[in-house]
Amino acid sequence: KALGLEGSVVHHQEFLSLLGDPDSSLNASGVSIARRRHAFYDVIFPLPKSVSLLFALGSSTERDLVVAAQVESRDETLRYLERHGIWVREPTGERRFLRADGMLWAAFTHRVSRSDDPHLHSHVLIANRVSSTARRWSTLEFRSLHGELRAASAIHAASLRYGLSERLGVSFRDRSARHSDVVGFSDRVIES
């Protein structure tokens, strides 16, 4: 909100500008974000294979409804992470943490896996810079974000099931959690 970007669509050139601008308010150190280690965290929001197949084989209206449910569940999960997983260290050096004012993220939706199988999922790049009243811009406390991923995964799954049930009238049956249905970090680290 502080940057006036809430709800904005980030275009390719704007994203590159954010990564490369050493004078950005996000770059207190004067080093461009792209040159910093762990500039962003890539959080993946996968959908179950059955939902990806529904998307791939459905009509254009069904595909639009699946994407709408996917975006809504992803955004609901990000709101949860913003409320519960985004913290900064206290500036005095004590081992206390303060709540950050919000997070800066950009989402990219993919429709297939690396092997071209139907696999609807989003990559959300969460910037490793957050603002807080105590510290202005600083790096986020990663352990708190990581510690909320299990809860975030449950919220994502429940919200997705609800959205698909409401929009398309589909139903789900119970099954044990599978690795592919869990919100998690990419195996690729974004660094210079």
Side-chain angles (χ1 to χ4, degrees), residues 1-47 67-93 96-110 120-156 159-160 163 182-192:
K1 287 181 183 178
L3 296 175
L5 298 173
E6 186 174 36
S8 297
V9 173
V10 178
H11 298 285
H12 183 75
Q13 196 55 42
E14 293 169 325
F15 189 68
L16 291 177
S17 175
L18 174 67
L19 289 176
D21 181 9
D23 297 322
S24 167
S25 61
L26 300 176
N27 296 318
S29 64
V31 177
S32 72
I33 290 177
R35 300 191 71 85
R36 272 197 228 130
R37 185 170 177 84
H38 299 294
F40 287 85
Y41 295 103
D42 183 10
V43 181
I44 302 170
F45 290 81
L47 275 63
V67 168
Q70 186 261 346
V71 168
E72 184 178 299
S73 64
R74 179 199 69 208
D75 291 353
E76 178 67 28
T77 305
L78 287 168
R79 285 190 291 274
Y80 170 83
L81 285 174
E82 191 168 41
R83 285 189 312 270
H84 299 282
I86 305 299
W87 296 80
V88 295
R89 289 187 184 274
E90 183 166 288
T92 62
R96 290 183 25 205
F97 302 105
L98 305 169
R99 185 173 305 281
D101 296 335
M103 65 182 181
L104 184 61
W105 57 270
F108 305 91
T109 300
H110 296 232
L120 188 62
H121 64 285
S122 289
H123 288 264
V124 176
L125 300 181
I126 299 175
N128 192 11
R129 294 301 270 178
V130 292
S131 66
S132 69
T133 52
R135 294 196 71 161
R136 296 184 26 116
W137 289 100
S138 62
T139 58
L140 64 85
E141 209 308 287
F142 173 74
R143 287 175 291 205
S144 59
L145 175 63
H146 191 267
E148 293 297 330
L149 287 183
R150 275 195 143 151
S153 183
I155 289 167
H156 182 253
S159 179
L160 178 68
V182 177
V183 173
F185 287 98
S186 169
D187 57 349
R188 292 175 290 162
V189 176
I190 299 171
E191 55 185 55
S192 59

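All residue numbers in this chain count up from 1 along the given sequence. Keep in mind it's a predicted model, so treat the numbers as computed, not measured.
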As a quick check of understanding, evaluate side-chain contact (heavy atoms from CB on, under 4.5 Å) for I126 and F40, giving each step before the final call.
CA-CA 5 Å; I126 299 175; F40 287 85; 5.9 Å; no
List the residues meeting ring pair (Phe, Tyr, Trp, His ring centres under 6.0 Å) with H110, not counting sequence neighbours, and say none if there are none.
H121, H123
Provide the closest heavy-atom pair for G85 versus S144 in the form atom of the first, atom of the second, distance.
O-OG, 3.1 Å
Is the backbone of V88 close enough, under 3.5 Å, to the side chain of E141 for a donor and an acceptor to pair up by distance?
no
Please report the closest heavy-atom contact between S73 and S159, naming both atoms and the distance.
CA-OG, 3.3 Å
Run W105 and L125 through side-chain contact (heavy atoms from CB on, under 4.5 Å) and show every step you take.
CA-CA 5 Å; W105 57 270; L125 300 181; over 6 Å; no
For A107 versus V124, what's the shortest heavy-atom pair and its separation?
CB-CG2, 4.0 Å
Any salt bridge linking R74 with E72? Criterion: basic side-chain nitrogen under 4.0 Å from a carboxylate oxygen.
no
Between R79 and E76, does at least one N-O distance fall below 4.0 Å, as a salt bridge requires?
yes
Tell me every residue that passes salt bridge (charged side-chain N to carboxylate O under 4.0 Å, His left out) with R99, counting only those two or more places apart in sequence or in another chain.
none
Nearest non-hydrogen partners of A151 and Y80, listed with the distance
CB-OH, 3.4 Å
The test is side-chain contact (heavy atoms from CB on, under 4.5 Å); show your working for T109 and V67 and say whether it passes.
CA-CA 9 Å; T109 300; V67 168; 5.6 Å; no
